[in-house]
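This report refers to the structure that appears directly beneath it.
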Amino acid sequence: MPEPARVQRGLEEVVALESRICFIDGKLGRLIYRGYDIRDLAAKATFEEVAYLLWYGRLPNARELTELRGRLGELRTLPDPLSRMIDTLPADAAPMDVLRTSVSALALYEPAETKAGATAIAGAERLTACLPTILGTFHRRRKGLPRLRARPELSPAAYLLYALLDREASELEERALDVALILHADHELNASTFAARVTASTLSDLYSSVTSAIGALKGPLHGGANERAIELAELIGTPDRAEAIVKEKLARHERIMGFGHRVYKVEDPRATILREWSRKIGEAKGDLHYYEVLERVKEVVQREKGLYPNLDLYSGSVYTPIGIPHDLFTPIFAVSRVSGWTAHILEEYEDLRLIRPTAQYIGPTDLSWVPLGDRT
Ligand code: COA
């Protein structure tokens with residue numbers, strides 16, 4: 001047996017590849033997409049501009065942005081057999097499972113884009129355009145609402161809200177979701193992006209790579225944390241109950257979802273921005289209780305464990321007052337992150353190297369074969 005190697009469990013601090021897409025400074029709490037600070041993007045950009053930036057490596061000019069908006073609107077319509085398939089799925093299915101299965105099924109209608117190693121941005125645009133429609137179609141079917149026309153004039157955020165709420169969103173609601181989509185769009189080699197790149201590195205196609213990513217995002221240690229964070233806020237109910245409930249959970253060694261991060265050692269800058277939106281939306285709706293409960297939870301967890309909030313702590317407190325159901329929080333994360341996943345997949349194709357680490361084998365090597373009849 002060779003000398004045991006040093007195992008980096010969870011690949012912590014392993015630098016697996018070079019990328020020009022996203023930079024996280026975990027000590028200073030900075031997040032950069034293609035050179036631009038997330039705080040500037042959240043204040044000034046739209047989600048479509050950010051998607052363009054991630055895919056093309058630069059901001060679009062006015063004509064390019066108008067054209068991208070037009071394409072995303074046009075590409076929003078699902079193939080009819082896929083809409084019909086979504087209508088046959090169990091109404092109580094988890095929306096994340098519906099999203100994963102539908103993205104996988106969409107590939108069957110996109111032969112050009114499912115060729116091994118196809119590198120066209122067209123596939124990235126198609127997926128980014130279709131994810132809100134998939135979610136909207138499923139949500140409307142489970143609510144018994146009629147199917148929606150594509151409304152190509154609406155932004156992805158406005159269209160998704162229109163589909164989910166069955167009403168026009170206010171300007172503030174649309175901007176809140178748009179900012180949330182900007183904040184979730186990319187985050188370097190997080191688990192789902194890594195899953196996407198591993199799949200792409202085998203020269204598999206864009207749709208298969210995004211399907212892998214959705215599976216990874218679903219887990220509560222990754223995208224699933226946002227649903228758990230709002231459940232905790234609802235369990236706590238009022239700010240005065242936060243201290244006791246959080247301390248009880250910590251005493252039982254339970255994780256408080258929405259806190260801690262593998263890379264950030266200070267507050268996640270996305271959490272700082274979303275906290276402000278949680279307050280703004282709470283004020284507009286005349287109900288600040290989620291914001292106030294989470295403020296107390298933050299104080300207690302920071303004091304007791306020295307852990308800072310990540311963006312999953314606040315997304316639900318922005319979405320819930322708007323009327324978005326909890327089980328759509330993680331799928332909305334995917335609606336945004338698909339822009340980053342596809343940027344990374346395209347980058348992987350440009351500088352392809354099969355991702356295939358090794359394991360330190362710690363099992364036996366010299367067992368003698370036992371015939372079936374002799375085994376206990
Ligand atoms: N609540 C309570 N304790 C936590 C915690 C949390 N949210 N996050 C980390 N810790 C504790 C661990 O229990 C561990 O304590 P120990 O050393 O006494 O065992 C210590 O902090 C280190 O945790 P570890 O899991 O090794 O850190 P990591 O870098 O692997 O964890 C996360 C990163 C994100 C998986 C982790 O912080 C977590 O589970 N957070 C909750 C889920 C979440 O919000 N995910 C979204 C991330 S954007």
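Keep in mind that what you see is a predicted model, and the values were worked out from it rather than measured.
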Backbone of [Y] reached by a side-chain donor or acceptor of [X] within 3.5 Å:
| X | Y | answer |
| --- | --- | --- |
| Ser336 | Ile332 | no |
| Thr66 | Ala62 | yes |
| Arg241 | Ile236 | yes |
| Arg126 | Leu75 | yes |
| Arg76 | Thr133 | no |
| Glu173 | Ser170 | yes |

Give the intermediate values and the outcome of side chain to side chain donor-acceptor pair (under 3.5 Å) for residues Ser339 and Trp55. CA-CA 8 Å; Ser339 59; Trp55 293 329; 5.8 Å; no
Ring centroids only, cut at 6.0 angstrom: are His261 and His187 within range, meaning strictly under it?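 Between His261 and His187, the centre distance is under 6.0 Å.
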Evaluate whether atom [atom1] of [X] has more than 12 neighbouring non-hydrogen atoms of other residues, nucleotides or ligands under 6.0 angstrom away.
| X | atom1 | answer |
| --- | --- | --- |
| Gln8 | CD | yes |
| Glu153 | CD | yes |
| Arg140 | CZ | yes |
| Arg356 | CZ | no |
| Arg375 | CZ | yes |
| Arg151 | CZ | yes |
| Arg167 | CZ | yes |

List the steps and the verdict of side chain to side chain contact (heavy atoms under 4.5 Å, CB included) for Glu74 and Arg71. CA-CA 5 Å; Glu74 293 302 322; Arg71 286 199 300 278; 5.6 Å; no
Can you name the nearest heavy-atom pair linking [X] to [Y], along with the distance?
| X | Y | result |
| --- | --- | --- |
| Leu172 | Ala284 | CD2-CB, 3.4 Å |
| Val98 | Ser102 | O-OG, 2.6 Å |
| Ala216 | Ser192 | CB-CA, 3.7 Å |
| Tyr290 | Pro321 | CD1-CG, 4.3 Å |

Only one of Lys143, Arg142, Arg141 passes side chain to side chain contact (heavy atoms under 4.5 Å, CB included) with Leu145; say which it is.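 The passing option is Lys143.
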Among Ile24, Asp25, Asn190, whose side chain to side chain contact (heavy atoms under 4.5 Å, CB included) with Val263 holds?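 Running side chain to side chain contact (heavy atoms under 4.5 Å, CB included) over Ile24, Asp25, Asn190 with Val263 returns exactly one hit, Ile24.
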In terms of ring plane angle, is the pair Tyr56 and Tyr52 parallel, tilted or perpendicular, where the classes change at 30° and 60°?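 The arrangement is parallel - the two ring planes meet at less than 30°.
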Is the closest side-chain heavy-atom distance between Tyr264 and Asn310 below 4.5 Å?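 With C-beta onward as the side chain, the pair stays apart.
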In chain order, what residues pass the salt bridge (charged side-chain N to carboxylate O under 4.0 Å, His left out) check against Arg275, with sequence neighbours excluded?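 Only Glu267, Glu295 meet the salt bridge (charged side-chain N to carboxylate O under 4.0 Å, His left out) criterion with Arg275.
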Among all residues two or more places apart in sequence or in another chain, which pass the side-chain hydrogen bond (donor to acceptor under 3.5 Å, both in side chains) test with Thr211?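 Here no residue qualifies.
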Tell me whether the guanidinium CZ or amine NZ of Arg270 lies under 6.0 angstrom from the six-membered ring centre of Trp277 and within 45° of its axis.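 Arg270 over Trp277 ring: no.
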